[in-house]
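Treat the numbers as computed from the prediction; the structure is a model and nothing was measured. Residue numbers begin at 1 in each chain, while the letters A, B, ... track the order of the sequences. No hydrogens, no waters, no symmetry mates; every other heavy atom, side chains included, goes into these values.
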Amino acid sequence: MLDLKLVRDHPEMVLRMLEGRGQDTGALARFNELDLRRRTLLREVEELKAKRNAASDQVARLKKEGRVPEELIAENRELSQAIKRLDPEVAKVEDDERQLLSGIPNLFDDSVPVGDEGQNREVRRWGVPPEFPFEPKNHWELGEALGLMDFARASKISGSRFVVLYGALSRLNRALIDFMLDLHTLGHGYREVWPPALINSQSLYGTGQLPKFAEDGFKIENSDLWLAPTAEVPLTNLFRNEILEPGEVPVSVTAYTPCFRAEAGAAGRDTRGMIRMHQFDKVELVKVTRPEDSMEALEALTRDAEEVLRGLGLAYRVVLLSSGDMGFSSAKTYDLEVWLPGAGAYREISSCSCFTDFQARRAGIRFRREKGAKPEFAHTLNGSGLAVGRTMVAILENYQNADGSITVPEALRPRLGGLTAIGVPS
RNA sequence: GGAGACGUACCGAAGUGGCCGUAACGGGGGCGACUCGAAAUCGUCUUGUCGGUGAUGAGCCGGCACGUGGGUUCGAAUCCCACCGUCUCCGCCA
């Protein structure tokens, strides 16, 4: 959520942002109208309340003297009735304004290229896409041929966009989670967290998934709980409505969770394979920083995510997203795209974003610079470190051999009991 | 799931219709005094938010907040209702 006063006093900034994101700018005019109306009403009702409070004190004083000021009480009754009429009106306008404001996306950083997807900018590449003396296969062809990846039975159990993994692939999935968590905790100084995977609507509101993106989530029936779409939600909401003391900032936390997404708008896209699932595993990185440190923290967080790909020897590139391609809450986003030989393309495997104070304002995440100082909104960041399913996809496609077996990346071998290849008796 | 108790500031906790909300009392923390320094002691300060007015500062004026939301009342932390959470006991259970 943007700062109310910023929207009020600097509409030109908001306008530029909405245009850059390719969004309807009408919200701004509606906001001004509502804000003016709210403040007018508020003044009116607050004046009445001040009068009533003063009169009530007066009643108390007179009663103490043994008098019963019938007239004053009658006057006050009328004041109260007027307040009772106005209060719901104020509440309604406040609610409308909040709803409108919470539907306005975040301002984007000056370094973000303005425009649509075509303006996305590759900032660096790492590694060399492997050459194959044969036609490289898709991960699902490889996985199914090995008998270790089963979409048919997943569909029987659950439906489309689910997968069953067996044996070495199931173990590879587990090893990847372990590898990533160890790298980030032991190597990059993150604190490991094991959070809930069912999340209440307040928390989803705090990170910006609600109210705008309700159709992307799975909601539990007869309950206020949702399946977590990403560990970003529980990790960031760890600090919701809290004031962090000077020594506690910056915060770096990481968690593995299963993630659940309805993929409502993705009909027909990535229908085959493990790229776009209703359920997938992800290791997430979250940071909470002081405002002046957040852009540098985004660079650090992105590098932390890149380290996973480097450790696994997977070629990738880093893409700075344009204003029109960025997420709703983000001020600046780097996507990590891994090379997939089966697809012959770089595909997103991590998205690292700085949300400035946008989530912090919604979620009430604040900090103090010094003991006793006034609390300020912190900045929040997150990134995938990495999406586990897509990492497995990348390993299968990049490490495939002519006979359909998969070489295990060196870094993972200790976690797979020394296994060097999947699919051939060694 | 059933029964009971509880929810007030950074922590503990008092307050049972107005003189009780920065909010008693205790602790913690900041600043100061004493001290060569420290401890002990003493003094003092320690919520946030919205609106108005200032300059988007300081200050001042006002509204709101005693888990959340309603209700009763001229007036609610206090009485009533619903919901949420915590604890204890019982039941069930990986």
Side-chain angles (χ1 to χ4, degrees), chain A residues 1-14 31-102 107 194 196-206 220 222-226 234 237-249 291 357 360-378:
Chain A
M1 178 141 62
L2 292 178
D3 183 11
L4 192 95
K5 285 175 186 145
L6 181 132
V7 180
R8 187 190 300 153
D9 298 337
H10 297 286
E12 75 287 349
M13 288 171 70
V14 180
F31 168 82
N32 282 325
E33 201 178 303
L34 275 172
D35 189 54
L36 189 66
R37 186 164 150 65
R38 176 180 66 90
R39 283 183 295 154
T40 309
L41 276 172
L42 203 56
R43 260 176 101 161
E44 207 176 317
V45 73
E46 284 187 358
E47 214 166 283
L48 290 176
K49 282 180 180 173
K51 261 192 215 166
R52 181 185 65 183
N53 288 346
S56 288
D57 283 352
Q58 185 72 5
V59 171
R61 256 194 307 275
L62 291 171
K63 273 206 165 172
K64 210 175 157 196
E65 289 170 15
R67 296 198 275 164
V68 183
E70 296 289 1
E71 218 170 289
L72 201 52
I73 287 176
E75 263 174 49
N76 235 1
R77 185 175 293 133
E78 269 170 44
L79 275 178
S80 274
Q81 272 159 7
I83 290 168
K84 242 173 225 174
R85 274 195 307 275
L86 274 175
D87 259 344
E89 250 183 272
V90 175
K92 173 84 170 68
V93 174
E94 278 180 343
D95 203 59
D96 287 350
E97 188 177 8
R98 198 176 322 117
Q99 208 151 42
L100 183 65
L101 197 63
S102 68
L107 299 176
W194 189 88
L198 296 191
I199 311 283
N200 62 33
S201 53
Q202 267 286 300
S203 297
L204 286 156
Y205 178 84
I220 309 290
N222 300 326
S223 153
D224 182 44
L225 293 169
W226 302 65
N237 278 283
L238 238 26
F239 311 103
R240 173 152 56 88
N241 293 330
E242 296 204 7
I243 301 174
L244 299 167
E245 293 302 323
E248 299 178 296
V249 189
D357 59 0
R361 185 169 287 109
R362 287 169 92 101
I365 302 172
R366 294 177 295 173
F367 76 103
R368 291 184 213 277
R369 288 179 187 278
E370 291 153 43
K371 265 216 169 297
K374 252 181 117 58
E376 299 172 49
F377 286 116

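rG62(B) is paired with rC50(B) under the Watson-Crick or G-U wobble criterion, all donor-acceptor distances under 3.5 Å. Base pairing of rC79(B) is made with rG71(B), judged by Watson-Crick or G-U wobble geometry with both donor-acceptor distances under 3.5 Å. With a 3.5 Å ceiling on both atom-pair distances, rA55(B) lacks any Watson-Crick or G-U wobble partner. With both pairing distances under 3.5 Å, rG17(B) is matched to nothing as a Watson-Crick or G-U wobble pair. Across every strand in view, rC31(B) sits in a pair with rG43(B) that passes the Watson-Crick or G-U test at under 3.5 angstrom. rU88(B) is paired with rA3(B) under the criterion used here, namely a Watson-Crick or G-U wobble arrangement in which both key atom distances are under 3.5 Å. Across all strands shown, rG12(B) is found opposite rC25(B) as a Watson-Crick or G-U wobble partner, with both distances under 3.5 Å.
Residue contacts shown for R38(A) are limited to sugar-phosphate atoms, with no base heavy atom under 4.0 Å away. Using a 4.0 Å heavy-atom distance criterion, L79(A) is classed as making no nucleic acid contact.
The shortest non-hydrogen separation linking R52(A) to S80(A) is CD-OG, 3.3 Å.
Taking the C1' atoms as reference points, rG18(B) lies 26 Å from rG51(B), given to the whole Å. Distance check on atom C1': rG54(B) versus rU46(B) gives 26 Å, rounded to whole Å. Distance check on atom P: rU8(B) versus rA14(B) gives 10 Å, rounded to whole Å. Separation of the C1' atoms belonging to rA77(B) and rU72(B) is 16 Å when rounded to the nearest angstrom. Here the separation of rG17(B) from rA55(B), taken at their P atoms, is 48 Å to the nearest Å. Nucleotides rG67(B) and rA76(B) have their P atoms positioned 15 Å apart, rounded to a whole Å. Nucleotides rC64(B) and rC19(B), compared at atom P, are 14 Å apart to the nearest Å. Here, rA65(B) and rA9(B) have their C1' atoms 12 Å apart, quoted to the whole Å.
Proximity note for E46(A) (side chain, C-beta onward) versus rC74(B), rG62(B), rU49(B): the nearest is rG62(B). Closest to the K49(A) side chain, of the nucleotides rG18(B), rG48(B), rG63(B), is rG63(B). The nucleotide whose nearest atom lies closest to any side-chain atom of V59(A) is, among rC74(B), rG48(B), rG51(B), rC74(B). Considering only the side chain of R366(A), rU49(B) comes nearest among rU49(B), rG51(B), rG63(B). Closest approach to the N53(A) side chain among rG48(B), rC64(B), rG51(B) is made by rC64(B) (side chain taken as heavy atoms from C-beta onward). Nearest nucleotide to the A50(A) side chain, out of rG51(B), rG75(B), rG62(B): rG62(B). Closest to the S80(A) side chain, of the nucleotides rG48(B), rC74(B), rG52(B), is rC74(B). Candidate nucleotides rG63(B), rG48(B), rC74(B) were compared by shortest atom distance to the side chain of R77(A), and rC74(B) ranks first.
For the pair D35(A) and R39(A), the salt-bridge criterion is met [side-chain N within less than 4.0 Å of a carboxylate O]. Between D9(A) and K5(A), none of the side-chain N atoms (NZ, or NE/NH1/NH2) sits under 4.0 Å from a carboxylate O, so this pair counts as no salt bridge.
Between D357(A) and P291(A) the shortest side-chain heavy-atom distance does not fall below 4.5 Å. With contacts defined as side-chain heavy-atom distances shorter than 4.5 Å, the pair E33(A)/L100(A) does not qualify. For the pair L6(A)/V14(A), a side-chain contact is recorded, criterion being any heavy-atom separation below 4.5 Å from C-beta on. Residues K49(A) and D87(A) have side chains in contact (heavy-atom distance under 4.5 Å, counting atoms from C-beta outward).
For L4(A) and A60(A), each mapped to the nucleotide of RNA chain B holding its nearest heavy atom, the one lying further toward the 5' end belongs to A60(A). Place I73(A) and E94(A) on RNA chain B by their nearest nucleotides, and E94(A) ends up nearer the 5' end.
Look at R43(A) and you won't find any side-chain N or O under 4.0 angstrom from OP1 or OP2 of rG63(B). Between R8(A) and rG51(B), a side-chain N or O to OP1/OP2 separation shorter than 4.0 Å is present. For the pair K84(A) and rU72(B), the criterion of a side-chain N or O lying under 4.0 Å from OP1 or OP2 is met.
Atom CD1 in I83(A) sits about 13 Å away from atom P in rC74(B), given to the nearest Å. In this structure, R240(A) places its CZ atom 13 Å from P of rG85(B), rounding to the nearest Å. One interatomic measurement links the two molecules: CE of M13(A) to P of rU56(B), which rounds to 16 Å at whole-angstrom precision. Between the CG atom of D3(A) and the C1' atom of rU49(B) there is a distance of 13 Å, rounded to whole Å. Atom CD in E242(A) sits about 14 Å away from atom P in rA9(B), given to the nearest Å. As rounded to whole Å, 5 Å separates atom C1' of rG51(B) from atom CG of L42(A). Look at CG on L36(A): it is 13 Å from C1' on rG51(B), rounded to the nearest Å. Between the CG atom of L62(A) and the C1' atom of rG75(B) there is a distance of 14 Å, given to the nearest Å.
An anti orientation is assigned to rG62(B), its glycosidic angle lying beyond 90° of 0.
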task = Would you check, one step at a time, whether the test side-chain hydrogen bond (donor to acceptor under 3.5 Å, both in side chains) holds for R240(A) with S203(A)?
result = CA-CA 8 Å; R240(A) 173 152 56 88; S203(A) 297; 2.7 Å; yes
